[in-house]
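Below is one structure, written out as structure tokens, with a few remarks after it.
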Amino acid sequence: MKYDLLIVGAGLYGSVFAHEAVKRGRKVLVIDKRCAAGGNCRCENIEGINVHRYGAHIFHTSDKRIWEYVNSFASFNNFVNTPYAYYKGKLYSMPFNMNTFYALWGVTTPEQARAEIERQTAPYKNLTPSNLEEKALSLVGPDVYETLVKGYTEKQWGRSAKELPPFIISRLPLRFTFDNNYFSDVYQGIPTGGYNVIFDALLKGIELKCDADFFSDRRYFENCADRIVFTGRIDEYYDCRFGALEYRSLRFEDEILDKEDFQGNAVINYTDTEPAWTRIIEHKHFERVSSPRTVITREYPADWCDGAEPYYTVNDARNNNLYAKYRALSEGGRVVFGGRLGEYRYYDMHQVIASALSAVKKYL
């Protein structure tokens, strides 16, 4: 074998695993089918602005160990995620907090807000929710549901809320303070210079082949290393022998605008059924770039089909049971499956890093 490790995918999981493996004296080859490393965190500099190529990525964690780890590869600014929701010409604070409740009902105290939510949810408290809509109504009532949940969720999943299972929203966080910080984690920020800085540091001195599709030369890649770390679709690795897992995809539409500022915020969600996009990202606000032009990205949910990019796993009972079958195939083998697609679960960035570090400790 030429290498100790072949790592398929140069996203966060693969890059962290590669970095830690080389520190432990392993000889590593990293391949990625895209033209550059970084996975969905990859940035592209346009008009002097680091554009988040595959959707907004805000790093946040309460794990000091993970925060110190990422800060060893890049310095972070103090960006705080404060998204807004746009509904029928009005803006509402996200997540649901006292600013939201004031905009909806004119209430000014937590006591008033709690009383209104209690009044609106009362008719649904004794129901056993059979779908997402009923679940949401029992949690937040019709005003918050219609204004901030229904349209966005239906666009995101491509189905009526009455057809979606209730488990998708096991909870909807309500905050009875005037705090617009979307995350409750201790640490939060954006790496100065964009996420590419982190990947350049993680993969420094490591052999990396981009535009290299594992499945286009599977026999060679499987035989070039003692162990494989695979961060792609676990069902695809096993030729979908039990059937394909389900995913949701996204489509991004960029626009360069000849103006200094478009929306005054990094992220604004569109929570009505129209327009078709779910949010607009204005990238310059992540790093507070001063420039005469701006770059925005409209994000559209999309059905997934083979060949499309799988962004979100569909973790209902059917798919989780199917994943369990694929996971069982991997036990005791020489392939380590990791990341969103390898482990078939939704991951934030800090969770991906933690999973990769745990796997390094287990296998190396």
Side-chain angles (χ1 to χ4, degrees), residues 5-18 29-34 37-42 54-55 156-159 163-165 167-168 209-251 301-349 351-356 358-360 362-363:
L5 281 171
L6 168 71
I7 296 180
V8 182
L12 261 182
Y13 190 99
S15 297
V16 168
F17 204 112
L29 170 65
V30 181
I31 65 171
D32 199 292
K33 64 182 180 181
R34 290 178 177 170
N40 288 350
C41 299
R42 183 75 188 172
Y54 302 99
Q156 190 72 24
W157 291 94
R159 293 162 61 187
E163 299 173 359
L164 292 167
F167 79 85
I168 291 176
K209 291 184 179 180
C210 294
D211 294 312
D213 186 346
F214 173 82
F215 295 103
S216 68
D217 199 356
R218 181 167 184 161
R219 181 184 295 273
Y220 166 76
F221 286 125
E222 285 188 324
N223 291 314
C224 75
D226 296 323
R227 183 179 290 279
I228 298 172
V229 177
F230 190 83
T231 69
R233 291 169 44 207
I234 189 171
D235 56 331
E236 185 179 22
Y237 182 88
Y238 289 113
D239 300 316
C240 296
R241 70 176 65 175
F242 301 125
L245 291 164
E246 291 182 89
Y247 306 87
R248 288 288 290 166
S249 192
L250 295 172
R251 178 172 64 86
D303 292 331
W304 180 83
C305 61
D306 197 30
E309 192 66 36
Y311 284 95
Y312 299 108
T313 57
V314 182
N315 291 103
D316 57 15
R318 174 196 168 274
N319 283 290
N320 287 341
N321 289 335
L322 191 58
Y323 166 69
K325 292 181 180 180
Y326 287 116
R327 188 67 184 174
L329 289 179
S330 70
E331 292 177 1
R334 69 185 185 102
V335 182
V336 178
F337 292 92
R340 293 177 306 114
L341 305 180
E343 297 177 65
Y344 198 71
R345 60 180 296 182
Y346 180 82
Y347 265 143
D348 285 325
M349 288 180 285
Q351 295 168 321
V352 173
I353 293 171
S355 179
S358 176
V360 166
K362 178 179 179 180
Y363 294 105

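Atoms considered below: every heavy atom in the structure, side chains included; atoms not considered: hydrogens, waters and symmetry mates. Quick caveat, the model's predicted, so the values are computed rather than measured.
With respect to the salt-bridge test (charged N to carboxylate O, under 4.0 angstrom), the residues Arg318 and Asp316 do not qualify. Salt-bridge annotation for Asp32 and Lys209: absent, with no side-chain N of the basic residue lying under 4.0 Å from a carboxylate O of the acidic one.
Contact record, Gly342 with Phe337: O-CB, 3.5 Å, taken as the closest heavy-atom pair. Pairing each heavy atom of Trp304 with each of Ala308, the nearest pair is NE1-O, 3.1 Å. The minimum heavy-atom distance linking Gly243 with Asp235 is given by the pair O-CB, 4.3 Å. The two residues Val336 and Ala359 make their nearest non-hydrogen contact at CG1-CB, 4.5 Å.
Partner of Phe17 under the side chain to side chain contact (heavy atoms under 4.5 Å, CB included) criterion, chosen from Leu5, Leu12, Val30: Leu5. Test Tyr344, Tyr346, Trp157 against Tyr247 for ring pair (Phe, Tyr, Trp, His ring centres under 6.0 Å) and you get one pass: Tyr344.
The side-chain heavy atoms of Val16 and Val360, taken from C-beta on, include no pair separated by under 4.5 Å. Contact annotation: the side chain of Lys33 never approaches that of Ser216 to less than 4.5 Å [non-hydrogen atoms, C-beta and beyond]. At least one side-chain heavy atom of Asp303 sits less than 4.5 Å from a side-chain heavy atom of Arg248.
For Ser355, the side chain to side chain donor-acceptor pair (under 3.5 Å) criterion is met by Glu343, Tyr347, not counting sequence neighbours. Scanning for salt bridge (Lys or Arg N to Asp or Glu O under 4.0 Å) contacts around Glu309 gives Arg34, with sequence neighbours left out. When the side chain to side chain contact (heavy atoms under 4.5 Å, CB included) test is applied to Gln156, the partners found at least two apart in sequence or on another chain are Tyr152, Leu250, Thr278, Pro301, Tyr312. Scanning for salt bridge (Lys or Arg N to Asp or Glu O under 4.0 Å) contacts around Arg42 gives an empty result, with sequence neighbours left out.
Between the Asn320 side chain and the Asn315 main chain, a donor and an acceptor come within less than 3.5 Å of each other. The backbone N or O of Phe230 lies less than 3.5 Å from no partner atom in the side chain of Tyr13, so there is not a single donor-acceptor pair. With Arg334 contributing its side chain and Ala225 its backbone, the two residues share a donor-acceptor pair below 3.5 Å. The closest donor-acceptor contact from the side chain of Ser15 to the backbone of Ala10 lies under 3.5 Å. Judged purely by atom type and a 3.5 angstrom limit, Arg340 uses its side chain to pair as donor or acceptor with the backbone of Tyr311. Proximity of a side-chain donor or acceptor of Asn319 to a complementary backbone N or O of Glu246 within less than 3.5 Å is detected.
Separation of atoms CG (Asp213) and CD1 (Ile31) is listed at 7.5 Å; rounding is to 0.5 Å.
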- Item | Trace of the side-chain contact (heavy atoms from CB on, under 4.5 Å) decision for Arg241 with Leu329 | CA-CA 11 Å; Arg241 70 176 65 175; Leu329 289 179; 3.8 Å; yes

- Query: Could you walk me through whether Tyr237 and Val8 pass the side-chain contact (heavy atoms from CB on, under 4.5 Å) check?
  - Reply: CA-CA 11 Å; Tyr237 182 88; Val8 182; over 6 Å; no

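Pairs engaging residues 216-228 under the salt bridge (charged side-chain N to carboxylate O under 4.0 Å, His left out) rule: Arg218-Glu222, Arg218-Asp239 [sequence neighbours left out]. Note on residues 321-332: no pairs pass side chain to side chain donor-acceptor pair (under 3.5 Å), not counting sequence neighbours.
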